[in-house]
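Each remark here refers to the structure printed beneath this line.
As the structure is a prediction and not an experimental result, all values here were calculated from the model.
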Amino acid sequence: MRKGMVILVAVCFLMTGCLNREKLLTLEQIQSLFEKHEIPLSEAIGVHPDHVFIKTLNKVEPQVYMINDDELVSIYIFNSSNGVKKAVKDFEEKTAEAGVVAHEKYQVANLLMIYDGADARMETVVQEMRSLVDGKE
């Protein structure tokens with residue numbers, strides 16, 4: 001009887017672990033969304049290496065792009081949404097004493113995006129990222 005109960009509990013744990021798989025975003029999906037909304041991502045040239053938006057967060061280096069020639073967007077892709085939470089904390093610690101320019105932080109699943117611009121299309125891109133994760137595409 002005990003052996004059966006142990007097996008049943010083990011099976012329940014395994015099934016629960018399989019059901020909690022979170023959907024993850026890829027850089028290719030993100031780039032595709034920017035392209036879909038006609039927001040060209042260009043290479044970030046001339047960004048100072050100590051710029052706070054290009055720092056490594058939670059051991060992940062960002063993909064850094066320019067939008068509209070003067071707006072910086074840093075895209076961090078983590079292995080899980082937990083990685084994003086740790087990265088946000090890391091970002092806050094690294095910028096606590098710095099005079100950081102106005103910016104937006106977007107967190108969607110395993111993605112953290114930091115954007116220092118004001119392009120209204122960005123909200124649409126982020127909503128579509130959320131739709132990809134929620135399966136409402």
Side-chain angles (χ1 to χ4, degrees):
M1 180 71 169
R2 275 187 165 179
K3 192 175 192 178
M5 187 61 87
V6 169
I7 291 172
L8 180 63
V9 169
V11 168
C12 288
F13 278 123
L14 287 173
M15 288 180 67
T16 302
C18 292
L19 295 175
N20 287 334
R21 287 232 186 265
E22 67 178 320
K23 291 186 181 179
L24 304 177
L25 295 169
T26 65
L27 184 59
E28 292 76 22
Q29 288 173 306
I30 305 312
Q31 290 169 329
S32 176
L33 288 175
F34 276 94
E35 187 176 305
K36 175 182 175 182
H37 293 284
E38 299 178 358
I39 305 173
L41 297 173
S42 57
E43 184 180 350
I45 298 173
V47 179
H48 194 280
D50 290 333
H51 193 293
V52 294
F53 295 163
I54 65 169
K55 296 213 177 277
T56 299
L57 299 176
N58 191 23
K59 301 178 185 171
V60 171
E61 290 187 28
Q63 296 296 314
V64 183
Y65 303 98
M66 296 302 286
I67 297 175
N68 303 325
D69 296 325
D70 63 345
E71 300 170 351
L72 189 69
V73 63
S74 299
I75 302 171
Y76 296 83
I77 305 287
F78 298 91
N79 293 329
S80 70
S81 57
N82 241 5
V84 174
K85 292 174 190 171
K86 291 178 183 175
V88 168
K89 184 178 179 183
D90 192 14
F91 179 78
E92 289 169 358
E93 288 172 0
K94 288 180 177 178
T95 61
E97 307 265 332
V100 180
V101 298
H103 65 281
E104 296 291 332
K105 278 189 303 229
Y106 300 99
Q107 302 172 52
V108 180
N110 61 313
L111 171 126
L112 171 63
M113 187 165 59
I114 302 172
Y115 175 55
D116 75 353
D119 193 318
R121 297 173 294 176
M122 189 66 80
E123 291 297 327
T124 304
V125 169
V126 172
Q127 287 304 321
E128 287 198 31
M129 287 178 198
R130 290 189 174 112
S131 293
L132 286 172
V133 173
D134 295 339
K136 297 177 185 174
E137 190 180 25

Does E43 reach the main-chain N or O of Y65 with its side chain, forming a donor-acceptor pair under 3.5 Å? no

Check whether any side-chain N or O of R121 sits under 3.5 Å from a backbone N or O of F34 as a donor-acceptor pair, and report yes or no. no

Could you walk me through whether E128 and K36 pass salt bridge (Lys or Arg N to Asp or Glu O under 4.0 Å), step by step? CA-CA 11 Å; E128 287 198 31; K36 175 182 175 182; 2.8 Å; yes

Do the non-hydrogen side-chain atoms of V64 and V73 ever get within less than 4.5 Å of each other? no

Could you check whether atom CD of E38 has more than 12 heavy atoms from other residues, nucleotides or ligands sitting under 6.0 Å from it? no

When rounded to the nearest 0.5 Å, the distance separating CD of E22 from OG of S80 is 5.5 Å

Does atom CD of Q31 have more than 12 heavy-atom neighbours from other groups under 6.0 Å away? yes

Does the side chain to side chain contact (heavy atoms under 4.5 Å, CB included) test come out yes or no for M122 and I67, once each step is laid out? CA-CA 10 Å; M122 189 66 80; I67 297 175; 3.7 Å; yes

Answer whether the closest heavy-atom distance between the side chains of Y106 and E104 falls below 4.5 Å. yes

Counting distance only, does the side-chain N/O of S32 pair as donor-acceptor with the main-chain N or O of E28 below 3.5 Å? no

Distance check, rounded to the nearest 0.5 Å: M113 atom CE versus K105 atom NZ? 13.5 Å

Before we go on, tell me: are the rings of H103 and F53 under 6.0 Å apart, centre to centre? yes

Within-4.5 Å side-chain heavy-atom neighbours: E61 and Y76: no

For H51 and L72, run side chain to side chain contact (heavy atoms under 4.5 Å, CB included): C-alpha distance rounded to whole Å, both residues' side-chain angles, the deciding distance at 0.1 Å, then the answer. CA-CA 10 Å; H51 193 293; L72 189 69; 3.6 Å; yes

Roughly how far, to the nearest 0.5 Å, is NZ of K85 from CG of D90? 16.0 Å

Check for a donor-acceptor pair, side chain of E92 on one end and backbone N or O of K89 on the other, with a separation under 3.5 Å. no

Tell me if a side-chain donor or acceptor on T56 pairs with a main-chain N or O of K59 at a distance below 3.5 Å. no

Look at the side chain of N110 and the backbone N and O of L25, then say whether any donor-acceptor pair between them is shorter than 3.5 Å. yes

Rounded distance (nearest 0.5 Å) linking atom CG of L111 with atom CG of L27: 9.0 Å

CD1 on I39 to CD on E71, rounded to 0.5 Å: 9.5 Å

Count the heavy atoms belonging to other residues, nucleotides or ligands that lie under 6.0 Å from NZ of K55, then report whether that count exceeds 12. yes

Do N58 side-chain atoms and G83 backbone N/O form a donor-acceptor pair below 3.5 Å? yes

Any I77 side-chain heavy atom under 4.5 Å of V60 side chain: no

Interatomic distance, L24 atom CG to N79 atom CG [nearest 0.5 angstrom]: 8.0 Å

Please tell me if the side chains of L132 and K23 come closer than 4.5 Å, counting only heavy atoms from C-beta onward. no

Would one find more than 12 heavy atoms of other residues, nucleotides or ligands at under 6.0 Å from atom CG of D70? yes

Does some side-chain heavy atom of I54 sit less than 4.5 Å from a side-chain heavy atom of V47? yes

For A87 and L112 the tightest heavy-atom approach is CB-CD2, 4.1 Å

